**Q** 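Sharing a structure with you now.
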Amino acid sequence: MENLLKPNETSFHIKFGGKMTYEFYRELEDKVIDAMRRYNHLEIDLSEVSEIDICGLHLVGLLQRAGVIVATSPVVEQASRGLLSTLHAAALGRASRSSRMAIR
């Protein structure tokens, strides 16, 4: 994992590179929380992320909700799309089962 912390006039920019996985989750989360406490505006750049797992995707979800991601890598994009399609398929499966149960 590599990250570059760059303060500038309007915001604090963090660039994550390398692995965004379980082994680095706590460290990444701590850096983000610390930066959110210290700076009014935060920008997270994930364009150098080369590997991501479910823990990294969880952190991406939290960062997306906070609206601080300014760039993502193809790896992050692909993993996010894969997770969303899986969640969508699961939701459709639940809806289909619910409708079949209502018919009975």
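Bear in mind that the values here come from a model prediction, so they are computed numbers and not experimental data.
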**Q** Got a sec, which residues hit side chain to side chain contact (heavy atoms under 4.5 Å, CB included) with Gln78, two or more places apart in sequence or on another chain?
**A**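 In terms of side chain to side chain contact (heavy atoms under 4.5 Å, CB included), with neighbours along the sequence ignored, Gln78 is linked to Arg81.
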**Q** Distance from Ile44 atom CD1 to Ile69 atom CD1, nearest 0.5 Å?
**A**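 Going from the CD1 atom of Ile44 to the CD1 atom of Ile69 covers 7.5 Å.
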**Q** Please examine the side chains of Thr21 and Ile52, heavy atoms only from C-beta on, and report whether any two atoms are closer than 4.5 Å.
**A**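 No, too far: nothing below the 4.5 Å cut-off.
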**Q** For Tyr25, which residues count as a side chain to side chain contact (heavy atoms under 4.5 Å, CB included) partner, sequence neighbours excluded?
**A**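 Glu29, Cys55, His58, Leu59, Leu62.
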**Q** Once side-chain hydrogen bond (donor to acceptor under 3.5 Å, both in side chains) is applied, do any residues pair with Asp34, and if so which ones, sequence neighbours excluded?
**A**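 Listed in chain order: Arg38.
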**Q** Which residues satisfy the side chain to side chain contact (heavy atoms under 4.5 Å, CB included) test with Ser73, sequence neighbours excluded?
**A**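 Ser73 satisfies side chain to side chain contact (heavy atoms under 4.5 Å, CB included) with Val49, Val75, Val76 only.
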**Q** Output the distance between atom CD (Gln64) and atom CG (Leu57), rounded to the nearest 0.5 Å.
**A**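 Answer rounded to 0.5 Å: 9.0 Å.
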**Q** Nearest heavy-atom pair of Glu48 and Phe16: which atoms, and what distance?
**A**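 Glu48 and Phe16 have their closest heavy atoms at CB-O, 3.6 Å.
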**Q** Going by heavy atoms in the side chains, are Leu28 and Asp30 under 4.5 Å from each other?
**A**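 Heavy-atom side-chain distance check fails, nothing below 4.5 Å.
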**Q** Ignoring hydrogens, what is the shortest heavy-atom contact between Met36 and Ala66? Give both atom names and the distance.
**A**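 Minimum heavy-atom contact is CE-CB, 3.7 Å.
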**Q** Quick one: side-chain hydrogen bond (donor to acceptor under 3.5 Å, both in side chains) partners of Ser47, sequence neighbours excluded?
**A**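 Testing Ser47 for side-chain hydrogen bond (donor to acceptor under 3.5 Å, both in side chains), a comparison that skips the adjacent residues, returns Asp45.
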**Q** Enumerate the residue pairs fulfilling salt bridge (charged side-chain N to carboxylate O under 4.0 Å, His left out) with a member in residues 49-68, sequence neighbours excluded, ordered by first and then second residue.
**A**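 Listed once each, the pairs would be none.
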**Q** Can you get from Phe12 to Val32 by hopping between Ile, Leu, Val, Met, Phe, Trp and Tyr side chains that sit under 4.5 Å apart?
**A**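 They do share one cluster, since a chain of ILVMFWY contacts under 4.5 Å joins Phe12 to Val32.
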**Q** Less than 4.5 Å apart, side chain to side chain, heavy atoms only: is that true for Leu46 and Met20?
**A**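 Yes, at least one pair of side-chain atoms sits under 4.5 Å.
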